[in-house]
Number of protein chains: 2
Amino acid sequence: MGNSDITRDKLIAAATQAFWEQGYSNTSLRKIAQVASVDVALISRYFGGKLGLFKATLTKALDWPELVSPDNDPVEVVIEKYANPESDAHQTSFIRMIVMNANDPQVGELVRQTLRDKLFDPLEARMGGQKASTRLAMFIAVVIGASMVRQSLQLPGMAAVEPDVYARQLRHMIEAALQFDEDPVGP
Amino acid sequence: MGNSDITRDKLIAAATQAFWEQGYSNTSLRKIAQVASVDVALISRYFGGKLGLFKATLTKALDWPELVSPDNDPVEVVIEKYANPESDAHQTSFIRMIVMNANDPQVGELVRQTLRDKLFDPLEARMGGQKASTRLAMFIAVVIGASMVRQSLQLPGMAAVEPDVYARQLRHMIEAALQFDEDPVGP
DNA sequence: TGAAAATGTCAACACTTGTTGACTTTTTAG
DNA sequence: CTAAAAAGTCAACAAGTGTTGACATTTTCA
């Protein structure tokens, strides 16, 4: 491991935290470099610029093999993550980062595309069955909405609540979403 | 109506659109002034600065009396808004604006606070009953998550779908959310 | 050891941002 | 009509942005 690799890792670590907390546009390279104790110029040298650094953090953050693995049930993986207070904080800020940057005029398209490629498409294939795309969309909607309400908007009904209660709320909504029947008329 | 009021309105209109589409930090006063055909300096003069202008647009946007009225069922108001293609576009971008700016380091706290005061608290009072805060939180979670998935992330399962189908999906998830029973053990 | 490559440092650049003050034009009112 | 107030115009500011190139230091390896 060369010295430059250490520098790269320090930059990615600092950049990930900064981008997740403040979003792409509100994060300055000088602040990242300061936190990483690295000269600003090295960012452009090693990652080609701000966008390159963001891409690097995004790729790393969206690498989530356990969620897509055929051995696991995605629903259980998600619920377990959120029911655990430690991983909960990490996961909710992960969602927050997605939501923030998926609407950013500069990196929004990149975020949405990467999200599709690395998470949604494999997840849809993993879920399988009829109307997988519908069930996936409603599943994601619940997970994202719940995270927003719990962490970002902090509505007491979901924010000031024990992790196990939140897990039950989440499971309740997810199961309901997965049971949606596209055709309103029975067979 | 003095001439300055016309200028104020033009600025608020242009600012609302810009803030909703690109978020607070990614919107420059010069761009707003250009769209409104007004000199930049007048913004600081009339609204005290960028933050003041944002506050003005926010207050106006969060004024939604029909949702809180005792004569209407909030759930039906929301579903109706989203089932109508015209108001759907407006409403989803409304949610998008909230999500974008509720996480902004500069205006996030203001947005969340205003949201609580003008929407969530009255809505909770309007819903009433036991565990109103829980039901409200889960209700909001579904609405926000669905909007994100449909407009922002554009998952085909909810994005490439007729308005009436989307309305059914939304209703299904909302009703499930409202039926959540906090206590897992029956009486 | 010594040349070459890798890594790090520093200063400056062109650009955009929000805001301010001096100034001119238009409208208001006695 | 005319003086005062309102409304609008223009240029400049200080601060912050990402990026670049020249230079210094360290490491690599023949």
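Order of the sequence lines sets the chain letters (A, B, ...), proteins ahead of strands, with each chain counted from 1.
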Determine whether a donor-acceptor pair (N or O, by modelled atom type, separation under 3.5 Å) exists between the side chain of B:Arg112 and the backbone of B:Asn103. no
Can you tabulate the close N/O pairs, meaning under 3.5 Å, that link protein atoms to atoms of nucleotides 15-17 of chain D?
{"unit_1": "D:dT17", "atom_1": "OP1", "unit_2": "A:Ser28", "atom_2": "OG", "d": "3.2"}

Without decimals, in angstroms, what is the distance between A:Arg8 CZ and C:dG8 P? 9 Å
Identify, with sequence neighbours excluded, every residue that meets ring-ring contact (aromatic ring centres under 6.0 Å, His included) alongside B:Phe139. none
Would you check if there is a donor-acceptor pair between the side chains of A:Glu80 and A:Asn84 at a distance under 3.5 Å? no
Strictly below 4.0 Å: does B:Ser4 bring a side-chain N or O up to OP1 or OP2 of D:dA7? yes
Whole-Å distance separating the CG atom of B:Leu42 from the C1' atom of D:dT9: 8 Å
Do the rings of A:Trp20 and A:Phe94 sit parallel, tilted or perpendicular, given the 30° and 60° boundaries? tilted
Can you see whether A:Glu175 engages A:Gln179 through a side-chain donor-acceptor pair at a distance of less than 3.5 angstrom? no
When rounded to the nearest 0.5 angstrom, what is the spacing between CE in A:Met127 and CG in A:Leu178? 5.0 Å
Under 4.0 Å, heavy atoms only, any strand: does B:Phe47 hit a base, just the sugar-phosphate, or nothing? nothing
Measure CG/A:Leu11 against P/D:dG18 and give the value in whole Å, please. 13 Å
note: A:Ile43, atom CD1; C:dG8, atom C1'; distance rounded to Å ~ 14 Å
Would you say B:Thr7 reaches D:dA7's phosphate, i.e. side-chain N/O to OP1/OP2 under 4.0 Å? no
The side chain of A:Ala41 lies closest to which of these nucleotides: C:dT7, D:dT9, D:dG21? D:dG21
Give the rounded distance in Å between these two atoms: CZ of B:Arg45 and P of D:dC10. 14 Å
